Amino acid sequence: MFALIDGNNFYASCERVFQPELRGQPLVVLSNNDGCAIARSDEAKALGVRMAQPIHEVPPAIRGQLAIRSANFTLYGDMSARILAILREVVPRVESYSIDESFLDLTGIPERAAFCRKLRGRIYRWTGIPSCVGIGATKTLAKLGNLVAKTVTRKPGSYPAALGGVADLSALSPPALVEVLAATPVGELWGVGPRWAAKLRGMGIETALQLRDARHDLILETFGVVLARTQRELAGEPCLALEEVEPARQQIMVSRSFGERVEDHKAISEAFATFAVRACEKLRARGLVTSAVGIFANTDPFCPELCQHHPQCTTDLPRPTSDSRVVLETIRQMQRGFLKAGFAYKKAGVWLMDLSCPDLLQPDLFAPITIGDDGLMQTMDAINRRFGRGTVGVGATGWQARPQWGMRQANLSPNFTTSLRDLPRAIC
DNA sequence: TCTGGGGTCCTAGGACCC
DNA sequence: TCTGGGGTCCTAGGACCC
């Protein structure tokens with residue numbers, strides 16, 4: 001028996017915890033570079049701001065009513081960790097599924113709905129984040145329950161099984177469950193994206209109920225095993241297990257759109273170095289090493305009248321490493337002839353591939369298993385953890401407070417929970 | 001003027017092995 | 001005229017997720 005708990009309008013709710021003046025306001029959190037709406041308060045949704053909508057496409061009359069914040073992933077990540085700590089304290093088996101969602105194993109817990117209502121109350125009291133919970137026999141049904149709970153929370157009283165932000169589909173009679181499935185468009189299901197939804201509709205399958213009851217061999221043949229699993233899960237047959245231990249990463253990517261178009265190759269080179277250093281920090285934080293490095297750059301796809309260039313390049317390393325300097329030297333060599341003069345670039349990125357755990361590597365008879373100096377890197381990481389990111393680093397990143405390629409973040413809130421400088425003040 | 005940044009899995013096809 | 005029967009690995013493309 002599964003539950004899915006997620007934070008309502010998560011990023012917007014995080015902003016509101018420490019900025020009470022935002023409560024009740026139509027609030028939108030923008031993506032990096034202040035581009036698209038990636039979280040909306042209920043009030044902003046009511047004004048018609050869509051998920052992932054570019055903010056400049058929102059009519060000025062609406063935009064004028066919005067409170068706007070730039071994405072602050074440091075804050076959201078820390079709030080997420082606090083919620084996860086509460087869940088782990090109370091529930092024996094928890095899967096952290098995304099920054100704002102966790103699956104819980106409720107097997108053996110009596111009074112499931114009451115238990116979850118209490119849990120969500122505690123999360124609200126201890127972190128200030130409102131949440132909703134869906135309960136079901138499978139992960140897919142728990143996800144659907146969560147959708148029901150959220151819909152009902154916005155329209156109180158419309159559905160009795162979803163009292164207090166919790167919807168327990170496992171407590172429904174079969175006819176009542178059929179009613180919920182029949183009312184759910186197939187495209188709203190977890191695992192059914194826009195492409196498959198359109199294809200399913202073309203086959204006459206428009207609701208979750210119709211998908212559940214469709215011919216299984218037809219779904220398997222037309223869409224493959226992924227949707228076939230979703231179909232079985234809808235029928236109450238668990239196909240997806242709780243994954244308590246996060247599987248090891250296969251790749252790590254750091255990429256950014258630039259705040260403006262950049263032609264200066266030196267500036268872009270500093271961006272590559274900055275991204276590479278950040279990627280290696282993430283790599284070491286997970287205790288992994290990388291065996292291959294890639295870089296890419298893109299011109300501005302929204303300006304088709306400008307000449308376009310999308311170079312990319314990957315290199316295998318002689319031996320695995322987690323040393324930023326080895327990766328930096330590798331991408332320095334890759335950059336020869338990589339960018340072309342006269343092109344204005346808008347985005348660049350670095351990715352690390354073929355990641356592995358150093359303990360599991362096949363040793364080389366004639367050489368050390370890895371290259372680089374892990375001790376030095378660990379020391380730098382420890383200093384940066386203690387005194388703030390960027391306290392020590394490498395010169396290739398440029399060390400400018402406002403680099404030419406830097407992001408636009410016009411409305412960034414303070415790091416209330418992770419920086420002493422930004423601690424909220426209580427006025428006596 | 002302005003348009004995000006990460007990830008995963010599955011499948012098909014080709015190259016290669018004995 | 002007739003041309004085996006297994007495998008693995010890699011890559012690209014296409015879905016999906018938040």
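Here the structure is a predicted model, which is why all the values come from computation and not from measurement. Lettering of chains follows the sequences in order, A, B, ..., and the numbering in each one begins at 1.
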Between [atom2] on [N] and [atom1] on [X], what's the gap in Å once rounded to a whole number?
{"X": "A/Leu288", "N": "B/dG7", "atom1": "CG", "atom2": "P", "answer": "12 Å"}
{"X": "A/Arg249", "N": "B/dG7", "atom1": "CZ", "atom2": "C1'", "answer": "6 Å"}
{"X": "A/Tyr76", "N": "C/dC18", "atom1": "OH", "atom2": "P", "answer": "18 Å"}
{"X": "A/Ile55", "N": "B/dT3", "atom1": "CD1", "atom2": "C1'", "answer": "11 Å"}
{"X": "A/Phe73", "N": "C/dC18", "atom1": "CZ", "atom2": "P", "answer": "15 Å"}
{"X": "A/Lys282", "N": "B/dG7", "atom1": "NZ", "atom2": "P", "answer": "5 Å"}
{"X": "A/Arg40", "N": "C/dC18", "atom1": "CZ", "atom2": "P", "answer": "13 Å"}
{"X": "A/Glu243", "N": "C/dC18", "atom1": "CD", "atom2": "P", "answer": "15 Å"}

Using only side-chain N and O atoms of [X], determine if any of them is under 4.0 Å from OP1 or OP2 of [N].
{"X": "A/Arg229", "N": "B/dC9", "result": "no"}
{"X": "A/Arg261", "N": "B/dT1", "result": "no"}
{"X": "A/Lys347", "N": "B/dG5", "result": "yes"}
{"X": "A/Lys143", "N": "C/dC17", "result": "no"}

>> For A/Ala52 and A/Val226, find the nucleotide of DNA chain B closest to each by heavy atoms; which residue's nucleotide sits nearer the 5' end?
In response: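 The residue closer to the strand's 5' end, by nearest nucleotide, is A/Ala52.
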
> Mapping A/Met51 and A/Gln251 to their closest nucleotides on DNA chain B, which lands nearer the 5' end?
Replying inline: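 The residue whose closest nucleotide sits nearer the 5' end is A/Met51.
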
Looking across every strand, which nucleic acid part, if any, lies under 4.0 Å from [X] by heavy atom: base, sugar-phosphate, or nothing?
{"X": "A/Arg63", "result": "nothing"}
{"X": "A/Phe223", "result": "nothing"}
{"X": "A/Ile252", "result": "sugar-phosphate"}
{"X": "A/Gln53", "result": "nothing"}
{"X": "A/Asp100", "result": "sugar-phosphate"}

>> Walk me through whether A/Glu15 and A/Gln19 qualify under side chain to side chain donor-acceptor pair (under 3.5 Å).
In response: CA-CA 6 Å; A/Glu15 297 287 346; A/Gln19 299 164 91; 2.8 Å; yes

Which of the following nucleotides, [options], is nearest to the side chain of [X]?
{"X": "A/Val225", "options": "B/dG4, C/dA15, B/dT11", "value": "B/dT11"}
{"X": "A/Phe302", "options": "C/dA15, B/dT3, C/dC18", "value": "B/dT3"}
{"X": "A/Tyr97", "options": "B/dG4, B/dC9, C/dC17", "value": "C/dC17"}
{"X": "A/Met253", "options": "B/dC9, B/dG7, C/dC18", "value": "B/dG7"}
{"X": "A/Ser257", "options": "B/dT8, B/dG5, C/dC16", "value": "B/dG5"}
{"X": "A/His56", "options": "B/dG4, B/dC2, C/dC18", "value": "B/dC2"}

In plain terms, say whether [X] and [Y] are close enough for a salt bridge, that is, a side-chain N and a carboxylate O under 4.0 Å apart.
{"X": "A/Arg16", "Y": "A/Glu43", "result": "yes"}
{"X": "A/Arg122", "Y": "A/Glu89", "result": "yes"}
{"X": "A/Asp264", "Y": "A/Lys266", "result": "no"}
{"X": "A/Asp381", "Y": "A/Arg385", "result": "no"}

> Which nucleotide, in any strand shown, forms a Watson-Crick or G-U wobble pair with B/dC18, with both distances under 3.5 Å?
Replying inline: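 Across all strands, the one nucleotide that pairs with B/dC18 is C/dG5.
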
> Does the separation of the ring centres of A/Phe103 and A/Trp190 fall below 6.0 angstrom?
Replying inline: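 Ring centroids of A/Phe103 and A/Trp190 are less than 6.0 Å from each other.
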
